There are 2 protein chains.
Amino acid sequence: MARPRQFDEDRALDAAMRTFWECGYEATSTQDLCTATGLGRSSIYNTFRSKRELFARSLARYLDTMAEAQDAVLEDTSRPPAQRVRALLDKIVSDEFDHRPHGRSLGCLGVNSTVELAARDPEAARLLDRDAARRLRTLSAVIAAGQRDGSIASTRGSDALARYVNAVIGGMRIAAQGGADRAAVQSVADTALDALTS
Amino acid sequence: MARPRQFDEDRALDAAMRTFWECGYEATSTQDLCTATGLGRSSIYNTFRSKRELFARSLARYLDTMAEAQDAVLEDTSRPPAQRVRALLDKIVSDEFDHRPHGRSLGCLGVNSTVELAARDPEAARLLDRDAARRLRTLSAVIAAGQRDGSIASTRGSDALARYVNAVIGGMRIAAQGGADRAAVQSVADTALDALTS
DNA sequence: GTGGTTTTGTATTGATCGGTTCAGAACTTG
DNA sequence: CAAGTTCTGAACCGATCAATACAAAACCAC
């Protein structure tokens, strides 16, 4: 019925997401987005209505992808729950130190957006809230299972422990972004687990 | 010999710092800085050479003020070392939940700048590195003292424990910025201490 | 006061911002 | 092929960006 798109919308969204991830929302210009996606302005504004909406879709995509990856680790029933939590923290270390495009960690787009936008952009805040709730739900369930089978000895509530682990993850990402080396971030993960197993 | 300033440079710096703290570097315009400080553009550019330099001075001032406050808590010899670490975490909670200008936590300008600028602005990265090193030094010394007097039972190295506590602090700030309530952030602090006392 | 120096407010710089317009190329459907 | 629709590229929009120019006002030393 009409001319089809000459580009893959998902690939464009991925490129935009990476740009927001690297530079942040404010520091990313629409020209940067054109360059990164290889699209013209018209195509971008025709497909995604504005920079803001493109960002929102980028963030939603990122959060969904990451939460799925996290859930995959946490719901791997071939391991006992406590080891799944450890595997999750180890994955964070890998995330931060493998494949660094420009020598420094990019951190986590979720954390970065929380810092840059949560107080100012209600839609971003909504996406981030939903994501946090989802991740905490999975974490809490796994920790509760670990408490039942004895691999997690802490008697604190599983919700509190989940919030704790989630906060540590954020702290590890900040540390990596601040230039901490891999061993230092790994030792944060190792130490953090002491609070669960004791 | 000439006309004196009609404003207090330190007060202007404070106002600028608050603006950067609330909005971030990129989202703060020079007009915002004029409004916040009550100065004209000429006065700002005459006193601080550029937006970037004004930011650098704001950040340096913030980091110095905060590090001093942290050191004051950690070096309060009227308490045993372990309690000082607890007091530090409690102070973070207070920082995040007392005096919120717009209902949401502003987080920490140091954390915020790490996320927004550490990868892109070498001078900001330098200031943040120096600050992290300073805070880790004090923390590590206090933790080592706690290990000697037995109030901190963990047998991990005091440097690793210091990095851990520092990461938890960052995670607590992210959590608060993400909308977590006070009890939730406090429970992160409480749980985090389990890793030291066990 | 006067000269010399600095600050200050206003106007303005060129560049870039996010976003729109529009003509024509490109494609599907019939 | 032709009609109808969508996509694309380039020019362009007013607004705003960080930063500067400049002249008048304000002040100190003399």
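Only heavy atoms go into these numbers, but all of them, side chains included; no hydrogens, no water, no symmetry mates. First the proteins, then the strands, lettered A, B, ... as listed; each starts at 1. Here the structure is a predicted model, which is why all the values come from computation and not from measurement.
- Within 4.0 Å (heavy atoms only), T47(A) reaches no atom of the nucleic acid at all.
- Bracketed by its first and final contacts, the part of DNA chain D lying under 4.0 Å from non-hydrogen atoms of chain B reaches from dC17(D) to dA29(D) in 5' to 3' order.
- Using a 4.0 Å cut-off between charged nitrogen and carboxylate oxygen, R163(A) and D181(B) do not count as a salt-bridge pair.
- Atoms CZ (F48(A)) and C1' (dG19(C)) sit 16 Å apart, rounded to a whole Å.
- Residue R3(B) places a side-chain atom within donor-acceptor reach of the base of dT7(C), judged by atom type and a 3.5 Å distance cut-off alone.
- Note: NZ (K51(A)) to C1' (dC17(C)) measures 8 Å, nearest angstrom.
- Side-chain proximity of A2(B) to dT8(C), dT5(C), dT21(C): nearest is dT5(C).
- Here the P atom of nucleotide dA25(C) and the CD atom of Q6(A) are 14 Å apart, to the nearest Å.
- A donor-acceptor pair under 3.5 Å links the side-chain atoms of D32(A) to the main chain of S29(A), judged by distance alone.
- Following rounding to the nearest Å, E26(B) (CD) and dT16(C) (P) show an atom-to-atom distance of 14 Å.
- With a 4.5 Å cut-off on side-chain heavy atoms, N112(B) and Y25(B) do not count as touching.
- Judged by distance alone, with hydrogens and angles left aside, R41(A) brings a side-chain donor or acceptor within reach of the base of dG19(C), the pair sitting under 3.5 Å.
- When heavy atoms are screened at a 4.0 angstrom cut-off, F7(B) is found touching the sugar-phosphate backbone but no base atom.
- Each of R126(B), R52(B), K51(B) was evaluated against D121(B); a single residue qualifies, R52(B), per the salt bridge (Lys or Arg N to Asp or Glu O under 4.0 Å) test.
- The nearest whole Å value for the distance from the CZ atom in R52(A) to the P atom in dG19(C) is 9 Å.
- In this structure, E9(B) atom CD and dT6(C) atom P are separated by 15 Å, rounded to whole Å.
- The environment of R86(A) atom CZ is sparse: at most 12 non-hydrogen atoms of other residues, nucleotides or ligands sit within 6.0 angstrom.
- When the side-chain nitrogen and oxygen atoms of S29(A) are compared with OP1 and OP2 of dC17(C), one or more of them lie within a distance under 4.0 Å.
- The CZ-P distance, from R49(A) to dG18(C), rounds to 17 Å in whole Å.
- Shown here for R84(B) and R79(B), the closest heavy-atom pair between the two residues is NE-O, 2.9 Å.
- S105(A) and E96(A) are linked by a side-chain donor-acceptor pair at a separation below 3.5 angstrom, with hydrogens and angles left out of the test.
- If you check distances only, the side chain of S50(A) never reaches the base of dG19(C) with a donor-acceptor pair under 3.5 Å.
- As judged by a 4.0 angstrom heavy-atom cut-off over every strand, T30(A) is placed among the base-contacting residues.
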